[in-house]
Amino acid sequence: MEDAYAKSAAEVLQAFGVDRTKGLSDSQVEQHALLHGKNVLPQEESTPFWKLVLKQFDDLLVKILIAAAVVSFLLARLNGETGLTAFLEPSVIFMILAANAAVGVITETNAEKALEELRAYQADVATVLRNGCFSILPATELVPGDIVEVGVGCKVPADMRMVEMLSHQLRVDQAILTGESCSVAKELDSTSAMNAVYQDKTNILFSGTVVVAGRARAVVIGVGSNTAMGSIRDAMLRTEDEATPLKKKLDEFGTFLAKVIAGICILVWVVNIGHFRDPSHGGFLRGAIHYFKVAVALAVAAIPEGLPAVVTTCLALGTKRMARLNAIVRSLPSVETLGCTTVICCDKTGTLTTNMMSVSKVCVVRSVHQRPITDEYSISGTTFAPDGFIYDASENQLEFPPQSPCLLHIAMCSALCNESTLQYNPDKKSYEKIGESTEVALRVLVEKVGLPGFDSMPSALNMLTKHERASYCNHYWENQFRKISVLDFSRDRKMMSVLCSRKQQEIMFSKGAPESVMARCTHILCNDDGSSVPLTMDIRNELEARFQSFAGKDTLRCLALALKRMPEGQQSLSYDDEANLTFIGLVGMLDPPRDEVHSAIHSCMSAGIRVIVVTGDNKSTAESLCRQIGAFEHLDDFTGYSYTASEFEGLPPLERANALRRMVLFSRVEPSHKKMLVEALQSHNEVVAMTGDGVNDAPALKKADIGIAMGSGTAVAKSASDMVLADDNFATIVAAVAEGRAIYNNTKQFIRYMISSNIGEVVCIFVAAVLGMPDTLVPVQLLWVNLVTDGLPATAIGFNKPDGNIMAVKPRKVNEAVVSGWLFFRYLVIGAYVGLATIAGFVWWFVYSEDGPRLPYSELINFDSCSTRQTSYPCSIFEDRHPSTVSMTVLVVVEMFNALNNLSENQSLLVIHPWSNLWLVGSIILTMLLHVAVLYTEPLSALFSVSPLTLAEWKVVLYLSFPVILIDEVLKFFSRRPQAWSFPLRLWRREMLPKEARDN
């Protein structure tokens, strides 16, 4: 029943045909069970494991690699190769792909856990009225129409409409659903609100929420999927994971690269059709197969096989650094997403605030004989820790607060008229509450006021253990006074009272809503001398003005405290006793903002990131907080910047679009509104980070580009998120954004490094094939270079130091290319040189080396006809391993120098020295040691078809490799000059660039 909140209790009972005194009969239960099903969240079919595995291979570059591996194996078998040589290349490629697939499967399996953990918020049992008798049944057996009784500590088993109040009040903590910082009072009356949100439905008990005060009966109106918790599950199921900006860019670049690879492979094959019949191949078919093998080698060379592994490694290293900042990353790609975040939708309660209600102001009557009549005190401390000081109106700290009569009696009343508990948790190293947040705030105030009669009280209290300190002063007052009778809070009185006895003197302490308590007061306690004087109209008006200031301008939650001396020997209280009270003071409390939030908001503004505060609280309370944290800085009028969910939904499309561009505060929201906000912002090309801690936040966390859950939040929120804040602190998000930007910059650098290296390999093989030269590099050598000699320095580039102004620039655009137009040209130049230098090393050995055959160049490019001509050299010379060894070594060394080029995109090596990144220097040394091991260790040299080099050959390798640094220094010089961006691109048509570069 969707509109049960708008109907009276009698109408709802009639709709289900149930008698509130007897409940459903067995036949009705069977009928309703058939109609509505069981009270469980149905288990969604999980994706079969084999489908998850196949999904990881649904990528164009991966498919090309698989095809290349299969073809390579088949060609090896056709050529008669057996054993390790035939299997090596395909095996290595498949091992890489399997490792990447495993990471993907684990990530997707974790995502499905969020749905399972929703079940933890369903109640296990329920007290149900059936056939006129109460019984305890499994909550799964509830059906709509069942009458259920709930009390303090009960987890609500289904969505239910209140039908009978069994205590003065019923209060429910529904923070997991709405995010409200305080428990909510429930009532029997129907709600007339239009477009009612969860917060407006004050007669509905929602599944999974917890009763914190009172006892009541309610009729079940929704079970299983037809509950508020069920709607969250459905929203999570409808939410599809979005690819991260980097993943999209890499996919685009991969598609572009795949087309280029296919084009070059076909071109090489077609260009050499005339050579298919060369005698050296032994026939047309064998010639076609040979050049097809060359094309496959080209594909292996062009695809950076190590790129996925290096990206994953760099992101993983970034997550370790983030963990030290208290940001625990659950999804690796989200590290990079942080770098381009443009909007942070931040939950107010617990993230911007401490989620610990604290007394911040106290107002008492100073004296009736002089102005000002009232005294106002401010209290420091924003958590449940009993640490803080009391300051007077002149901001002077009170050394001994208990010397003030009103503060002393406020402490007595707060300690005695209180049902909560404050305790220290040694495991979490924090103070925790049991009970209402407002009552715990009063407990903390008692500790801050201290005890009378001890001049050394503040230092003496600090000598206690944290466990003893938690409630030391409260326990003192509870031991001084004996509680005799309690009048619980009720909705009509809006106050509670407790009768206490001390030394044969009975005193009643009362606390409650200021308007209710002050109406019952006839006297006031004066702070100057502790005397009690009649409450005049002038003083009443002054106190009401202070109350309006606290509640209005400061948006504090206010309570008034009072006392009354009772006749000696009185043992009970009645409502009539709550009259002729003596007013003690007015306390104002709030869920205070965290100390570091104000500066973090400023950092976001400087970095071009907009913060939208999202809360279930009312508009005025939220606006007050935004004013305190600086979100509304320089704004006098909040119109156009602050919206409630219903106001935003009521806007026409054009005005809604304008509101999204300016919005700073989104209040009075429920779960669906959070997800709606994320989707609306994403439709305006914003990259959205969403924070949350409750079950209600899970759909929005999953939908956002990066979902950020609180460490103290629910398991559901954590499972749906990409990142968890261990300290629940908004400032940690800002630090994580800076880290994310640095990681992206480094990721971009090593992607460019690997791509330029692969361009060099393609140029090498393509030019050799076009010129008709022997194979300069065999596929297994290319694989070694791509995986090991490229992979280690590329990973080390991830340790480049971040720029100093990383949080002073605007977020990068989502469509910003990983390799933009000018950089694409730069790396084509570098890649071309790498390829030509590799070929030059090959040619040098044949033509100029003293250890080589010193052939004329024309003989080298006509090697395939050697067997049909009379030559002065044996044709077997073209099968010598020395030339390809020189080529491979040139390729390795030139890429080591190129790695140094990538210490910075535009800064010279004379400015940023190689030792600024010792990891890179170390990886270059390690790579060279591995390469030397391959050259000079017998089993490895045979496996990779290489041989040891002489000193003269090493000198040539260095001569050919070092110029890559000089070339890039010249290109960097032009990059630092504005005209450099336009000069080379005149040579290129836009259609020749990858899509991402054209968009940029």
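In what follows, residues are counted from 1 in the order of the sequence shown. Heavy atoms only: backbone and side chains are in, while hydrogens, waters and symmetry mates are out.
Side-chain contact between Tyr641 and Met663 is absent, with no heavy-atom pair separated by less than 4.5 Å. Using a 4.5 Å cut-off on side-chain heavy atoms (C-beta onward), Thr382 and Asp595 make contact. You'll find the side chain of Lys703 stays beyond 4.5 Å of the side chain of Met676, heavy atoms only. Residues Ile609 and Pro811 have side chains in contact (heavy-atom distance under 4.5 Å, counting atoms from C-beta outward). Looking only at side-chain heavy atoms (C-beta outward), Leu590 and Gln628 come within less than 4.5 Å of each other. Side-chain contact between Asn658 and Arg661 is present, with heavy atoms from C-beta onward closer than 4.5 Å. You'll find the side chain of Thr341 reaches within 4.5 Å of the side chain of Ile706, heavy atoms only. Here the side chains of Asp705 and Gln682 are in contact, with some heavy-atom distance below 4.5 Å.
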>> Quick one, His673 with Glu649, criterion side chain to side chain contact (heavy atoms under 4.5 Å, CB included). Give me CA distance, side-chain angles, the key distance, then yes/no.
In response: CA-CA 9 Å; His673 294 134; Glu649 282 186 309; 3.4 Å; yes

>> If you apply the rule side chain to side chain contact (heavy atoms under 4.5 Å, CB included), what do you find for Asn226 with Asp159, and how did you get there?
In response: CA-CA 8 Å; Asn226 297 317; Asp159 279 9; over 6 Å; no

>> I'd like to know whether Phe632 forms a ring pair (Phe, Tyr, Trp, His ring centres under 6.0 Å) with Phe638, so could you lay out the CA-CA distance, the side-chain angles of the two residues, the decisive distance to 0.1 Å, and finally the verdict.
In response: CA-CA 8 Å; Phe632 280 156; Phe638 304 154; 4.1 Å; yes

> Passes side chain to side chain contact (heavy atoms under 4.5 Å, CB included), Arg610 versus Arg662? Steps please.
Replying inline: CA-CA 9 Å; Arg610 187 155 56 101; Arg662 303 173 66 196; 5.8 Å; no

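Met710 contributes atom CE, which lies 8.5 Å from atom OG of Ser721 (distance to the nearest 0.5 angstrom). The CZ atom of Phe666 sits 10.0 Å away from the CD atom of Glu647 when rounded to the nearest 0.5 Å. Between atom CG of residue Leu205 and atom CD1 of residue Ile221 there is a gap of 9.0 Å, rounded to the nearest 0.5 Å. Note: Leu725 CG to Asn326 CG = 8.5 Å, rounded to the nearest 0.5 Å. Rounded to the nearest 0.5 angstrom, Ile601 CD1 and Ser603 OG are separated by 9.5 Å. Considering NE2 of His684 and CZ of Arg656, their distance stands at 10.0 Å, rounded to 0.5 Å.
When each of Thr691, Leu325, Val611 is paired with Ile733, the side chain to side chain contact (heavy atoms under 4.5 Å, CB included) condition holds for Thr691 and for no other. Ile612 pairs with exactly one of Leu660, Leu665, Val343, Val664 by the side chain to side chain contact (heavy atoms under 4.5 Å, CB included) rule, that one being Val343.
Listed by chain and number, the residues in a side chain to side chain donor-acceptor pair (under 3.5 Å) with Thr732 are Asp727 (sequence neighbours excluded).
Listed by first and then second residue, the salt bridge (Lys or Arg N to Asp or Glu O under 4.0 Å) pairs that reach into residues 195-208 are Asp200-Arg668, sequence neighbours excluded.
A cation-pi arrangement is absent between Arg594 and Phe730, since the terminal nitrogen or guanidinium carbon is not both under 6.0 Å from the aromatic centre and inside a 45° cone about the axis.
Side-chain contact of Thr353 with Asp591: a donor-acceptor pair under 3.5 Å is present, judged by distance alone.
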